[in-house]
Structures are given as structure tokens and as C-alpha cells.
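The sequence lines fix the lettering, A, B, ..., with proteins before strands; numbering per chain opens at 1.
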2 protein chains.
Amino acid sequence: MKADKGRVDLRDVARLAGVSLGSASRAMNGAGASAATREKVERAAAALGWRPNHAAQALRSRLSRTVGCLLPDIGNPLYAQVFRALEDEFLALGYLPLLANGANDLERELRTLSMFMQRGMDGVILAPGNERSPELVEALRTLPMPAVVFDRELPGAHDSVVIDHAAGVRVAVERLMALGHRAIALVLWQGETRPVRRRIQGYKAAYAAAGLPVPELIVQAQSVTASAFEEIAELLARPARPTALIVQGTHMLNSALRAVASRGLRMPQDVSIVAIGDTAFARDHEPAVSVLTIDMADAARRLARLLVDRIAEPGLPARRERVELRYEERASVVPLHVEARPTARRR
Amino acid sequence: MKADKGRVDLRDVARLAGVSLGSASRAMNGAGASAATREKVERAAAALGWRPNHAAQALRSRLSRTVGCLLPDIGNPLYAQVFRALEDEFLALGYLPLLANGANDLERELRTLSMFMQRGMDGVILAPGNERSPELVEALRTLPMPAVVFDRELPGAHDSVVIDHAAGVRVAVERLMALGHRAIALVLWQGETRPVRRRIQGYKAAYAAAGLPVPELIVQAQSVTASAFEEIAELLARPARPTALIVQGTHMLNSALRAVASRGLRMPQDVSIVAIGDTAFARDHEPAVSVLTIDMADAARRLARLLVDRIAEPGLPARRERVELRYEERASVVPLHVEARPTARRR
DNA sequence: GTGAAAGCGCTAACAC
DNA sequence: GTGTTAGCGCTTTCAC
């Protein structure tokens, strides 16, 4: 009997099963082995407690069964939702998802992509902070593995899943207009990203469709995590202040709520609010905040499916899928009170 | 000249540098190579654009330079903070962190641990949902790589970083007592976890130290994500209702705020509130919610350090580090209004 | 310090 | 189908 090596490898399994190494490998991989052989090998593997060595499999087969997910910020509840859903999808498809925070930092994103290459990711889910960066575009172009872009518009042919922000914002604006609102502000950040551009586009489209001039009520904060408090407070101090606000994400919603309060205004009586993206914060706020919800589980399902399809068949033409926003009205949106004075407080 | 293989390997680099494969390897790994050799090899590597193949390195060296992080739920903003901080720490130390959601699901946790083994993680950060599970304890015991446990009390010798919930809750209770509060409720969940037990302990200790009997004001929701709305509303409906609430995390805070509002009570005039764990929700709520903050960056630093130390030196005695909570008072905590009647509304 | 050689554990190519 | 053999790209002996 041979000296115990501590670890058990497939050779040990093959020996115990009384078959060759190659047969054992085939038996465990489901490819071309007789039922009898598979039976014996599986029994032996179980008896020895054999577990495939992932590094060896990856080295030999050139497949890591791992996908990289580069998202802007897992601290953002919306992206946390995406990653949780991606994890479930990829695990079910036999892939392990590896999460990295891009943090809206180009250098960091490039380093991460480079690390994904070195670690032999079979594919990548990508949502860069700045989609206008030539370096990022070039990095994507030269990436040796397939990538699926999430809610960004990057040059080049690649699969993508995009969120239909334009249609969503338009629905929200039209709903507010139906309630009598005309001065509706849009609060975003300055980022060079698809979501920002498309939201503005949907906003303008709603005014155009209503035959109204587009008001000068779009404010853009410095960064996605920056406060938009000053900008919104300034807006609310104007003689013709907005009576409704559509705000992007958790940070801007916080800013908006504080700005409204600081001007002595009340939500929803004086100002209606709609947030983009549903979170516990919006749901549980008192009064609850109306939202444009994004089905992140659906988005994740599409992302995962596109990526594994392309890994399996790299020659496929580029596909682009769209995820709709759904408007969910809560207590934060009410009809315009015509008697309301811009800065009046009712008691 | 040889046929181009497409990929460049270290053998190509060595050839271009005019040294042997072994020397090239040593040069790139900093171990025992002359400055001249290193110079030549680095130049050649750069010229060819060589990147080490991670699977090959891992297979041969038995080191994956990857650590698994099994956290209960990345959707919880507190754990998102932990992972972001862990990512920075481990990346700086030369390790790649792999995130997995345990989701308070034993089966899933066990599967994840098994996957960490198979993928040859060099170490693991572990915060299981239920620390009383024998299966989990057994899995930890037989784990072939080092693990550092985060804020849990698991049997066996292992490194850990724990949060001093007991001291934190005690400080909060004592502060509320100093403001005149005597009926202080504690809202937690039922989980068999260290944080829950220690918070109760700190709560009782504060009453004991004040020479007061411990009131029957501890409520425990079914799950960490469940609503505690009913329980808190019941509490607030009692003749001798609590005048202050200490609540765990984001979900319970939401429940508490809604329960207070549903009883026609106001925060902070009628009920003071302290939340455990600081989040944007607590900070930006109107009025802002006082919190026991946990420095998750500090916790992550300690976790990462403990793990890499142990990877480097497995024989080290088990270490346990403690992270303190800091009480941060905001508008949600005010002195007890003696004139306040249990369910009265002042207008 | 350096080169030659031997694998890490597995899959894939090749005969049979 | 099955066994044999040859590597995947690298690190790590071992002589020198």
C-alpha cells in the first residue's frame, strides 16, 4: 500500500474504482463513460471524500467557472440588490461570481479588469462609473473574455442589459402633470452615464408631449454620493418653486427631504416626491416615498443568461435587453394644492 | 523562430531575457535573483506583456491568494460597509476577497464553505447566521484553512473580532436613564447569535447598576428582516408604555418608527429612539436618529490582519479582538417630558 | 545565483 | 468506452 499523501486526488479515486485516471475524469465530468464506470467512480470518490482541485481544472481546461462583476458601489442598496440576484443566478448556472467595487474610480476599474484577466475569469459583468473614458473603452475592447455591460452605453459590439430610464421618468412626469403639477424638478448627478442622460431625455419628452416648455428645473450634484442639499434648497427658494421633485437614488432623496424640511415646506402637502429606485428607506419613510422601481432580479437574470450564452457561443451577434421601470405611487405624491403659497406653512 | 502560441508564458519571457525558466520565476517573485537578472526579466516581461497565470501559480504553490468572506447579507448596509472595507484591506495585502451571502440559511452556508475549500481559499472570514448549529460548528472545525470569525461565538479555538454590544447598549441605556427615562424597551430579533445575547446582557447590566428592576420590555422579532411592528405597537399601547426604544438595525428601526406613528405618538417628544448601527437612513431621517455606531472599517482592518497573520503563521495562539461601539446622540433622543401622558397628544 | 528537471492535479488527445 | 500519454504554466527542488 502506498504512503498516504494526505490529500486525495483523482488518481487515488481511479485506483480504488479499478479504472484508469482518464476514465475517472470522464466519469466525473459526465462525458463519455459507461453507467457502470460512473457508478464505480462515484462510489470511490465518495468513499475517499474526493473534491476536484479547482486550480488544476482551471489550468488544464482553461475554464475558471468564475465570472467577474464590476459594479460601482455595493454600498448602494440598488447595486446590493443586483449582486444578490447575480449571485443566485450564476451559482445556479454553475459559475461563481466575484464581486469588485469600482467606486466610480477609473484607476480602480482598470486594475480590477486587469485582475479579472489574470485570474482567468470566463466572463465579466461591467457597469463602469464613467462611460466616456477612452481608457475604459479600450480596456473593454481588448478584454480577452466576453463582457456584458449593465445599464451603460459603451462603444463597440457587446451584449448589454439597459434600464429604460427615459420611459420611466416620462411616466412619472406625466403622472405628476395629471395631478396638476407643472413645475417638476429633476435631481440627478453630473456623471457621464447612460442613466443620467436618459432620465433627462424622458423628462424633456414628457414636457414636449404635453406641449409645454421644458422648465429650467434640472439640478445635478457633483457626485452620485454628494449631497444635493444646497441645489435643491436654492430651487425651493425661488418665487416659482417646483411643486414636485423627481430624485435619483438614496443619497439625492435624503438631500431632497432635508432641503424640503429646511425651507419650512412639507412633503407631500407642499412638495410631492418621486425617487428612482426602490429601497427600504423609501418604503418605510413617513410618509412613504413614491418610486420608479427597477426589478433587479430580472436584470440579473438577463445579465447572467446573456453572459453564459456568450461564453458558450462567442460568435453570437451582440444582444441588448431592456428592463422597464414601474411607477409605484405612495403617500409622497398628491394632487397640486392650488391654494398653496410657495413658502406658506399651514397649521 | 518558434510559432506564435498566442499566449505568452514565463518560458517566453525567460527566452527573451536570455535566462532559464527558473531564474525568470525567481526574478518575478523577488526571491534569490541577482539585480541584473531581475532587470532583464522585468524588461522582457513588460515587452511581451506577460501576466502570471493565476491557476498555474495556485496549482503549483498551493496558494490561491484568495480569501472567502461569508457574510449574512450584503443587502444589509452594515455588512455592505464591512465588505467594502474588507475589499480594500485584502487587496492592499495582496489577497482577493470573494464575497458570499449566507442569507441566514444553514444549507447555503455549508455549501459556501465547501466551495471555499474546493476553490482552495487561503483563509475565510466567517459570520454565520446561526451560531448554535452543530453542522456549522463541525464544518468550521474541519475546515482545512484558517478562519476568522466575525462577531460570533463559536466553539473551538479560532481568531475572532467581536463587537462590544453589551458595553454599547449599556451606555445607551444609561444615557437615557440620565435623561429621566426608566421604561426603556429593547427591540431585537430571536436569532441565536452573539449580538442578540450581548445586547440583552448590556441592557440588564445597566438596570442592575442603577439598582432598578429590569422591566419586561424586551421584544424579539421572528427574523432579522421581519417587521417588529406588531410587537412594538403592542408595547406602546400598554398603560405603562416605554418612553424610549433601543432598536437593532435598519429593519427594526423602520418598524419602530411606523409603530410610534401608528399609536399617534411623536418621536422624540413622546418616545426617544436609539438605533444600533449607523446608516444613511438613521442620519438623514427627520428628526435624525441617535445611534450606536460601529466602526466597520476598523473591524475589517482587524479581521484582515488576523487572517493574513494566521495564514503566514498557522501555529499562533488564537486571538480575539474587540471593537467598541460609540454612542452618537442626535435629535431622536430628548429628556423625558414628565408632563407627557402615556397616549396623550399635545397640539 | 543559476540552469535543468520534476511535478502540482487535472483534462484532452490519441490509440486501441 | 477505455487506458495511456502528454501537457496546462508555473514553482521548487536539486545539483552545480
Side-chain angles (χ1 to χ4, degrees), chain A residues 2-42 44-45 48-66 94 117-120 122 144-145, chain B residues 2-42 44-45 48-66 94 117-122 144:
Chain A
K2 249 194 152 177
D4 198 309
K5 313 193 309 301
R7 269 168 280 272
V8 316
D9 61 18
L10 194 52
R11 178 158 262 119
D12 299 324
V13 174
R15 195 176 299 127
L16 180 61
V19 300
S20 74
L21 172 61
S23 292
S25 173
R26 284 182 291 254
M28 298 309 298
N29 289 310
S34 69
T37 301
R38 173 169 304 150
E39 169 80 21
K40 284 187 294 184
V41 172
E42 276 170 358
L48 296 175
W50 175 81
R51 315 281 273 125
N53 177 312
H54 180 259
Q57 288 184 317
L59 175 59
R60 182 62 238 233
S61 69
R62 303 186 166 292
L63 251 42
S64 70
R65 295 246 150 229
T66 311
M117 288 176 48
Q118 181 173 333
R119 295 226 173 202
D122 292 341
M145 72 287 255
Chain B
K2 249 193 150 178
D4 199 309
K5 312 191 311 301
R7 268 170 278 275
V8 316
D9 62 16
L10 194 52
R11 176 158 264 118
D12 299 325
V13 174
R15 195 177 299 127
L16 180 61
V19 300
S20 74
L21 172 60
S23 292
S25 174
R26 286 182 287 255
M28 297 309 298
N29 289 309
S34 68
T37 300
R38 172 169 303 150
E39 168 79 21
K40 284 187 295 183
V41 173
E42 275 170 359
L48 295 175
W50 175 80
R51 316 280 276 127
N53 177 312
H54 180 259
Q57 287 184 317
L59 176 58
R60 182 62 238 236
S61 69
R62 304 187 167 291
L63 253 41
S64 69
R65 296 246 148 228
T66 311
M117 287 176 49
Q118 181 173 333
R119 297 226 173 201
M121 299 290 121
D122 293 341

Spacing between Arg119(A) atom CZ and dC10(D) atom P, to the nearest angstrom: 14 Å
Any Thr37(A) side-chain N or O less than 4.0 Å from OP1/OP2 of dT2(D): yes
Value in whole Å for how far the P atom of dT11(D) lies from CE of Met28(B): 9 Å
Close side-chain approach of Ser64(A) to Arg119(A), heavy-atom, < 4.5 Å: no
Closest-nucleotide 5' rank along DNA chain D - winner of Gly22(B) and Leu59(B): Leu59(B)
Contact under 4.0 Å: Arg62(A) side-chain N or O vs dA12(C) OP1/OP2: no
Short side-chain N/O contact to dG3(D) OP1/OP2 from Ser20(A), under 4.0 Å: yes
Nearest-angstrom distance from the residue atom CD of Glu39(B) to P of dG1(C): 17 Å
hbond_proxy Arg26(A) side chain to dG3(D) base (donor-acceptor, 3.5 Å cutoff): yes
dG7(D) base / Arg60(A) side chain donor-acceptor hit below 3.5 Å: yes
Phosphate-side-chain proximity, Gln57(B) and dC10(D), N/O vs OP1/OP2 below 4.0 Å: no
Sugar-phosphate only, base, or nothing, as touched by Ser25(B) at under 4.0 Å among non-hydrogen atoms: base
Asp12(A) to Val8(A) - nearest heavy-atom pair and separation: OD2-CA, 3.3 Å
Rounded interatomic separation in angstrom, taking CZ from Arg15(B) and P from dC10(D): 12 Å
Sugar-phosphate only, base, or nothing, as touched by Ala33(B) at under 4.0 Å among non-hydrogen atoms: sugar-phosphate
Rounded interatomic separation in angstrom, taking CZ from Arg11(A) and C1' from dG7(C): 11 Å
Residue met sooner reading DNA chain C from 5', once Ala56(A) and Leu21(B) are mapped to nucleotides: Leu21(B)
Stepwise side-chain contact (heavy atoms from CB on, under 4.5 Å) check, Leu16(A) with Leu48(A): CA-CA 9 Å; Leu16(A) 180 61; Leu48(A) 296 175; 3.8 Å; yes
Under 4.0 angstrom between Asn53(A) side-chain N/O and dC8(C) OP1 or OP2: no
d(CG, Asn29(A); P, dT2(D)) in whole Å: 14 Å
Sugar-phosphate only, base, or nothing, as touched by Ala55(B) at under 4.0 Å among non-hydrogen atoms: nothing
Integer-rounded Å distance: dG9(D) C1' and Leu48(B) CG: 15 Å
Intermediate values then yes/no, side-chain contact (heavy atoms from CB on, under 4.5 Å), Ser23(B) and Val41(B): CA-CA 9 Å; Ser23(B) 292; Val41(B) 173; 5.8 Å; no
Ser61(B) side-chain N/O to dC10(D) phosphate OP1/OP2 under 4.0 Å: no
Presence of Ser23(A) side-chain N/O under 4.0 Å of dG3(D) phosphate oxygens OP1/OP2: yes
Spacing between Gln118(B) atom CD and dG9(C) atom P, to the nearest angstrom: 14 Å
Intermediate values then yes/no, side-chain contact (heavy atoms from CB on, under 4.5 Å), Met28(A) and Val13(A): CA-CA 11 Å; Met28(A) 298 309 298; Val13(A) 174; 5.8 Å; no
Polar side-chain atom of His54(B) near backbone of Met117(A) as donor-acceptor pair, under 3.5 Å: no
